Structures are given as C-alpha cells and as structure tokens.
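From a predicted model like this one, the values you see are computed outputs, not experimental measurements. Lettering of chains follows the sequences in order, A, B, ..., and the numbering in each one begins at 1.
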Number of protein chains: 2
Amino acid sequence: MNLALLFDEDFTAPDRVILSGRRLQHLHTVLKASTGETITVGRVNGDMGRGRLVRMTESEAELEVTLNTPPPAPLPLTLILAMPRPKMFRRVLQTSATLGVKDIWLINSYKVEKSFWQTPWLSDDNLLENLTLGLEQARDTIMPAVHIRKRFKPFVEDELPALLAGKQAFVAHPGTATPCPTHLNAAAALCIGPEGGFIPYEVEKLQEAGCQAVHLGARILRVETAVPVLVSRLFDASL
Amino acid sequence: MNLALLFDEDFTAPDRVILSGRRLQHLHTVLKASTGETITVGRVNGDMGRGRLVRMTESEAELEVTLNTPPPAPLPLTLILAMPRPKMFRRVLQTSATLGVKDIWLINSYKVEKSFWQTPWLSDDNLLENLTLGLEQARDTIMPAVHIRKRFKPFVEDELPALLAGKQAFVAHPGTATPCPTHLNAAAALCIGPEGGFIPYEVEKLQEAGCQAVHLGARILRVETAVPVLVSRLFDASL
C-alpha cells in the first residue's frame with residue numbers, strides 16, 4: 001500500500017477521513033504508524049496528497065488530509081482479455097490497475113472454460129478490492145472500469161467496432177508475421193487470448209472488427225506476463 | 001507445459017526418453033495424450049523438436065524424439081535482483097526464465113528481510129523445478145544460471161565491476177531523472193531493488209560500480225511486474 005485510497009464514505013468532513021478494516025490493519029501491522037505521522041493518500045477518481053494521523057485506535061484511524069496532486073496520467077489503452085483462469089485473474093486485474101489501464105473488457109473465447117465465469121473474483125466487491133490494491137501499489141486514484149461479456153460473437157460484431165473507432169487495435173497472436181509495434185502515442189486497443197490462444201475463427205472475427213494480428217516473438221507468455229510485456233512495449237514512451 | 005523439457009537422465013537411447021512424475025501427470029491429465037500422438041519436446045541446453053508417444057502407462061511414458069530446431073535466442077541480460085519475498089520469488093523466477101533471461105543474481109539489500117533467505121524455494125531442486133516450468137511455458141531449453149550473494153558490499157565492490165564489463169548497466173530507481181532506455185541491441189545488466197527500493201547508499205554503490213539510475217515513470221511496480229516491464233522496454237527489438 002504505497003497510497004491509501006479514500007472513498008466518499010470515508011470522509012467525515014472535506015479534510016477528514018476515518019479508516020477501518022484492511023487499510024487500518026496495514027497502518028498497524030506493516031507501516032507501524034502512530035499519531036502525528038503522515039502517509040500518502042488519494043481520493044478515488046480525485047487528487048492525491050498527504051494524510052496526517054490525528055487519532056488511532058484498534059478499530060479506527062482518523063486522518064487530516066490535504067489533496068493537491070493529480071494522479072499519474074492514465075494509459076490510453078482499451079484492454080480486451082479472454083477471461084483468465086481464476087488464480088491468474090486476480091493478479092492480472094491488480095497488475096492492469098497498477099500499470100494504469102482504465103478500460104478492461106473480459107470476454108468469452110472457445111478456450112475459456114465455462115467454470116472460469118463462476119469465480120467469486122468477478123463479484124463487484126472483489127473486483128473493487130483487487131483494482132484498489134493495484135491502484136494503491138502504483139499510487140494512482142483513477143478506478144478502472146471492468147466490463148463483462150460472456151458471449152464472444154455479439155460482443156465482437158455489435159460492440160467492438162464502435163469501441164475501436166479512432167484507435168489502433170491489435171490482437172496478440174503467436175505465429176503471425178507482424179511484430180507488436182512500439183512507441184504508440186495515441187489511443188489503442190489490445191486483445192489478449194486465453195491459454196492456448198484464440199482459435200482461427202476468433203482471430204478472423206477480431207480482424208474483421210479492425211484488429212491487426214501481431215506477435216511477441218518466439219516465446220509463449222502467460223497472460224499475467226503478456227499484459228505487462230505488451231503494455232510496456234506499446235506505450236514505452238508514456239510509462 | 002508448451003514443451004516437455006528432457007534431461008540427460010530421461011534418455012534411454014539417443015532418440016528415446018522415458019518420462020515420469022510431473023511431466024507424465026501433465027500428459028495424462030491436461031493434454032490427455034495417448035499412444036501415437038506427438039508433443040513438443042526439447043533437450044535441456046540443446047535443440048527442440050517433436051516426441052511421439054510410443055508407450056504410455058500409469059507410471060511412465062516412452063517417447064521417440066527428433067530434436068532438430070534450435071531454441072529461441074537468449075536475452076543478453078544480466079538480471080540482478082534484491083532477493084524478493086518468497087511468495088513473489090517463485091513467480092519472478094518462472095517469469096524471468098519464460099522471458100529468456102539466462103543470468104540471474106540474487107543479492108542482499110537493506111530492505112531484504114533476513115527470513116527471505118530461508119525460503120525452501122532457494123534449494124537447488126526448487127530452483128531447477130521453477131526454472132524448468134518457466135522454460136516449458138516459453139518453449140525454450142537453455143537453463144538459466146542463478147547466483148546467490150547474501151552480502152551486498154562484497155558483491156558490489158568485488159564482483160559487480162567485472163560482471164558489468166562491456167555491458168550497459170542500469171539500476172531501476174524511482175524518482176531519478178533519466179527514463180529507462182528502449183531498443184538496446186547489446187548486452188546489458190539491470191538491477192532491481194526490493195519492496196521499498198534500494199537505500200541511497202546502495203544506489204551510490206551500484207552507480208560507483210557502473211550502473212546508471214533510471215526510472216519507469218510515476219507508477220510504483222511490484223518486482224514481479226517490474227521484471228517483464230523492464231525487460232520488454234530494454235529489449236523491444238529482440239523479443
């Protein structure tokens with residue numbers, strides 16, 4: 001927790017917040033913070049700044065906050081992911097939030113197992129918690145949006161073309177001839193398939209919708225590795 | 001397992017291997033392979049190719065192998081990591097192997113907790129197993145070397161200068177003025193600190209040894225995210 005993310009319900013006055021739960025535990029056990037100390041804070045979707053601990057008990061901590069610094073610029077990326085295996089999903093979500101991705105679409109694909117959609121990590125509370133952890137790691141406040149689309153064809157035919165308008169769009173597809181570009185400085189969209197990849201029909205549909213197939217070299221990466229590698233490669237000028 | 005990595009002791013003849021244990025389980029339960037099918041194989045530190053299943057039982061699988069394809073080019077990177085927290089270490093090791101890193105140095109730092117060095121993941125068997133998993137994910141055969149240095153100063157003063165000879169060398173240091181370069185096409189060395197970063201004394205010592213301090217932007221990344229982001233950024237031309 002390199003920043004404590006503050007939500008509207010934490011505020012008791014414009015410059016006062018009360019923390020409990022996970023953030024309080026972190027203050028007690030990891031930061032070993034005490035009254036009078038200051039920590040880095042940020043208001044969700046707002047500015048960052050400093051919070052001075054004015055009162056601290058076992059059950060809550062009260063901070064006086066000054067918010068005057070804008071968060072880092074968001075990455076201009078629409079990330080479209082075949083729903084990952086649950087144990088990877090949580091890390092991919094946190095990592096995407098840490099990297100500054102603000103628009104995440106979870107889609108179906110032939111090789112996405114039906115059971116992946118049953119994971120409790122897809123609940124609103126768990127999505128919020130993991131995105132928060134990713135933002136707190138990075139020191140960012142802008143909460144990403146997550147969109148869930150459990151049917152591939154309607155998404156690709158009816159929604160994707162509008163989503164890609166005005167953007168360069170790519171689908172990561174091992175074995176294709178074109179390497180993934182670098183140094184983008186404009187809005188882009190990136191589709192990443194499941195373990196085993198998109199099937200040829202899916203790649204064709206994504207190409208019809210406007211995505212260019214690109215590869216990352218000879219190595220086959222896990223989705224949790226492919227996300228930071230691709231983001232870093234596309235936006236090396238913006239990081 | 002996108003490739004089954006074969007070791008000398010698996011060979012019963014120049015073109016015959018017998019698999020048991022984890023690789024056999026994977027054939028049975030994930031690939032659901034049966035006699036006559038072929039899978040991708042590679043000999044450790046040697047060529048890759050195909051293996052045809054000539055016999056398969058509950059306890060072993062025999063394959064006839066043809067090895068005729070070189071593995072992907074290694075990354076010309078010396079990766080110097082402050083020993084990560086055990087739960088991250090295993091993933092960092094696998095990811096580094098997957099990305100093609102062949103030379104990994106685990107070093108001490110002020111913010112490395114003493115207990116991190118006690119992890120069973122540092123045993124020879126566990127290092128080999130996790131590096132193997134990373135190579136099998138990538139489809140690579142060249143086993144990385146891991147060097148353990150539990151004392152910072154002797155390493156940095158006595159070994160590091162020779163290790164950096166002829167290489168561009170960097171230490172990832174948030175808050176410094178120079179952004180991490182891109183498009184390297186020569187040998188390089190990269191130092192990545194622990195959670196909370198190297199302390200100023202350590203950064204100075206690394207700079208004295210020949211490392212340039214570089215940053216990755218405003219976001220603070222976990223080491224498991226920083227490794228793929230930095231590798232992708234430095235070697236975007238080689239991936």
(message) Quick check for you: to the nearest 0.5 Å, what is the distance between B:Glu224 atom CD and A:Glu224 atom CD?
(response)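 These two atoms lie 8.0 Å from each other.
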
(message) To the closest 0.5 Å, what do you measure between CZ (B:Arg219) and CG (A:Leu75)?
(response)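 Rounded to the nearest 0.5 Å, the CZ-CG separation comes out at 6.0 Å.
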
Give the minimum heavy-atom separation between [X] and [Y], together with the two atoms involved.
X	Y	value
B:Arg222	A:Gln94	NH2-OE1, 3.0 Å
A:Ile220	B:Thr98	O-CG2, 3.7 Å
B:His183	A:Thr182	CE1-OG1, 4.0 Å
A:Pro228	B:Thr225	CB-CG2, 4.2 Å

(message) Counting only non-hydrogen atoms closer than 4.5 Å, does B:Ala73 touch chain A with its backbone (N, CA, C, O), its side chain (CB onward), both, or neither?
(response)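 When you check distances to chain A, only backbone atoms of B:Ala73 fall under 4.5 Å.
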
(message) Measuring only between side-chain heavy atoms, which start at C-beta, is A:Val229 closer than 4.5 Å to B:Val231?
(response)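 A:Val229 vs B:Val231: side chains apart.
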
(request) Decide if atom CG of A:Asp125 counts as having more than 12 heavy atoms of other residues, nucleotides or ligands within a radius under 6.0 Å. (result)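 No, because the 6.0 Å sphere around CG of A:Asp125 holds 12 heavy atoms or fewer from other groups.
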
(message) With a sphere of 6.0 Å drawn around OH of B:Tyr110, does it hold more than 12 non-hydrogen atoms of other residues, nucleotides or ligands?
(response)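 12 or below, so no.
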
